[in-house]
S.K.: 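Could you have a look at this structure, given as structure tokens, before my questions?
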Amino acid sequence: MGKADMEKVPTLVVIFLTAAGWVVTHIVDRVLNSPTVEYAIEQIDIKKDGGSSVAQEIVHLENLSANMSFNGLEFALRPKRINDDLLFINDASNGFISEIRPYAPVWPGDMTVTTEEKGVKYTIGSLPPRGKIDLIAYFHGTVAPELVSYSTGPVMVLLPPSIETFFARHEACVLIAAVIIGGIAMFLAKPVRVT
């Protein structure tokens, strides 16, 4: 690489990082200004109960919108098909209690959980911006339940973890890393004068 090529590298790095920063900021603005709730589903085998496995399903929900609260939310965990081998459990003596676990700033006062053999219904009074909750259920079965939203309030977009939701949750870190990488690249590409 000649001297003229080395002098072009910092300019190309700045152009590339500026474009990448714009893309990240555009994606984040789109997610934060839309009614977006990220969900992630985690399943844990707890123990054997009379020969059959008991599993715990945790649905993590986070409101990623910057200025939109969702009120009157209703979710359910249920079998995907009517004849699926899936029975929900609500047994306090063994610690298998379906519940909603809110994290500040979510208010736990307006939340209810109803468990039946073929499903668990969760009612949440309000999910404010950046609010997080976990929906927890226990079940026996050979298939995992599906998450369904029955909310009648404003339209809500449920998204699984993706590059969009990652950027929305970590925008500052991503942009700071881009600035640091750009600074290092420009420093390393700077021609050194030998006298």
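Remember, predicted model here, so these are calculated numbers, not experimental data. Here, residue 1 is the first one in the sequence, and each next residue gets the next number.
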S.K.: Any chance you could lay out the side chain to side chain contact (heavy atoms under 4.5 Å, CB included) test for L86 and H140, step after step, and finish with the verdict?
M.R.: CA-CA 6 Å; L86 186 63; H140 288 290; over 6 Å; no

S.K.: R78 versus L147: any side-chain heavy-atom pair under 4.5 Å?
M.R.: no

S.K.: Supply the atom-to-atom distance T123 OG1 to D110 CG, rounded to the nearest 0.5 angstrom.
M.R.: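 Between T123 OG1 and D110 CG, I get 10.5 Å after rounding to 0.5 Å.
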
S.K.: Would you say that S149 contacts E74 through its side chain, given a criterion of any heavy-atom pair below 4.5 Å between the two side chains?
M.R.: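 No, every pair of side-chain atoms sits at 4.5 Å or beyond.
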
S.K.: About how many Å separate CZ of R169 and CD of E164, when rounded to the nearest 0.5 Å?
M.R.: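 One gets 12.0 Å once the value is rounded to the nearest 0.5 Å.
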
S.K.: Under the 3.5 angstrom rule, does the side chain of N63 hit a backbone N or O of V37 as a donor-acceptor pair?
M.R.: no

S.K.: Tell me whether V28 is reachable from V23 by hopping between hydrophobic residues (I, L, V, M, F, W, Y) whose side-chain heavy atoms are closer than 4.5 Å.
M.R.: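 Yes, same cluster.
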
S.K.: Given side chain to side chain contact (heavy atoms under 4.5 Å, CB included), test L77 with E146 step by step and report yes or no.
M.R.: CA-CA 5 Å; L77 287 172; E146 70 175 344; over 6 Å; no

S.K.: Report yes if the side chains of P79 and K118 come closer than 4.5 Å at any heavy-atom pair, otherwise no.
M.R.: yes

S.K.: Consider side chain to side chain contact (heavy atoms under 4.5 Å, CB included). Of T112, N71, I133, which one does I124 pass it with?
M.R.: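 Exactly one candidate clears the test, I133.
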
S.K.: Can I97 be reached from I136 by stepping across I, L, V, M, F, W or Y side chains whose heavy atoms are under 4.5 Å apart?
M.R.: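 In one cluster: no.
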
S.K.: Side chain of N90, backbone of S98: donor and acceptor closer than 3.5 Å?
M.R.: yes

S.K.: Does any non-hydrogen side-chain atom of M68 lie less than 4.5 Å from one of P35?
M.R.: yes

S.K.: Under 4.5 Å between side-chain heavy atoms, counting indirect links through other Ile/Leu/Val/Met/Phe/Trp/Tyr residues: same cluster for Y150 and V120 or not?
M.R.: no

S.K.: Got a second to check how far Y138's OH is from I89's CD1, nearest 0.5 Å?
M.R.: 10.0 Å

S.K.: Go through the steps for F75 and V148 under the test side chain to side chain contact (heavy atoms under 4.5 Å, CB included), then give the verdict.
M.R.: CA-CA 6 Å; F75 293 97; V148 180; over 6 Å; no

S.K.: For H170, what residues pass the ring-ring contact (aromatic ring centres under 6.0 Å, His included) criterion, not counting sequence neighbours?
M.R.: F166

S.K.: Flag the pair S65 / F70 as yes when at least one side-chain heavy-atom distance between them is below 4.5 Å, and no otherwise.
M.R.: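 The answer is yes, as the side chains (C-beta and beyond) meet within the 4.5 Å cut-off.
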
S.K.: Are F139 and I100 co-members of a hydrophobic cluster defined by side-chain heavy atoms under 4.5 Å apart?
M.R.: yes

S.K.: Salt bridge check, E116 against K121: does any charged N sit closer than 4.0 Å to a carboxylate O?
M.R.: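 The answer is no: the pair does not qualify as a salt bridge.
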
S.K.: Side chains of V106 and P128: does their closest heavy-atom pair fall under 4.5 Å?
M.R.: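 They are in side-chain contact.
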
S.K.: Can you find a pair of side-chain heavy atoms, one from I41 and one from E57, that are under 4.5 Å apart?
M.R.: yes

S.K.: Kindly give the heavy-atom pair with the smallest separation between P102 and M111, and that separation in Å.
M.R.: CB-CE, 3.8 Å

S.K.: For V174 and F167, run side chain to side chain contact (heavy atoms under 4.5 Å, CB included): C-alpha distance rounded to whole Å, both residues' side-chain angles, the deciding distance at 0.1 Å, then the answer.
M.R.: CA-CA 7 Å; V174 170; F167 285 153; 3.9 Å; yes

S.K.: Okay, side chain of D84, backbone of R81: is any donor-acceptor separation there less than 3.5 Å?
M.R.: yes

S.K.: Just how far is it from atom OG of S69 to atom CZ of R130, taken to the nearest 0.5 Å?
M.R.: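 It is 13.0 Å, given to the nearest 0.5 Å.
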
S.K.: Surrounding CD1 of I44 (heavy atoms of other residues, nucleotides or ligands, distance under 6.0 Å), is the total greater than 12?
M.R.: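 Yes, because the 6.0 Å sphere around CD1 of I44 holds more than 12 heavy atoms from other groups.
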
S.K.: Under the 3.5 angstrom rule, does the side chain of T165 hit a backbone N or O of S162 as a donor-acceptor pair?
M.R.: yes

S.K.: If I take atom CG from residue L61 and atom OH from residue Y39, how far apart are they, to the nearest 0.5 angstrom?
M.R.: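 It comes to 10.0 Å.
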
S.K.: Any luck finding a side-chain donor-acceptor pair between D134 and Y103 under 3.5 Å?
M.R.: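 On atom types as modelled, these side chains qualify, holding a pair under 3.5 Å.
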
S.K.: Report the distance from atom OG1 of T142 to atom CG of D85, rounding to the nearest 0.5 Å.
M.R.: 4.0 Å

S.K.: Does V113 belong to the same Ile/Leu/Val/Met/Phe/Trp/Tyr cluster as F88, with side-chain heavy atoms less than 4.5 Å apart forming each link?
M.R.: yes

S.K.: Do M156 and L73 have side chains that approach each other closer than 4.5 Å (heavy atoms only, starting at C-beta)?
M.R.: yes

S.K.: Does any N or O in the side chain of Y122 come within less than 3.5 Å of the main-chain N or O of T114, such that one atom is a donor and the other an acceptor?
M.R.: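 It does not hold such a pair.
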
S.K.: Is it true that, when you exclude E42 itself, more than 12 heavy atoms of the residues, nucleotides or ligands shown sit nearer than 6.0 Å to its CD?
M.R.: yes

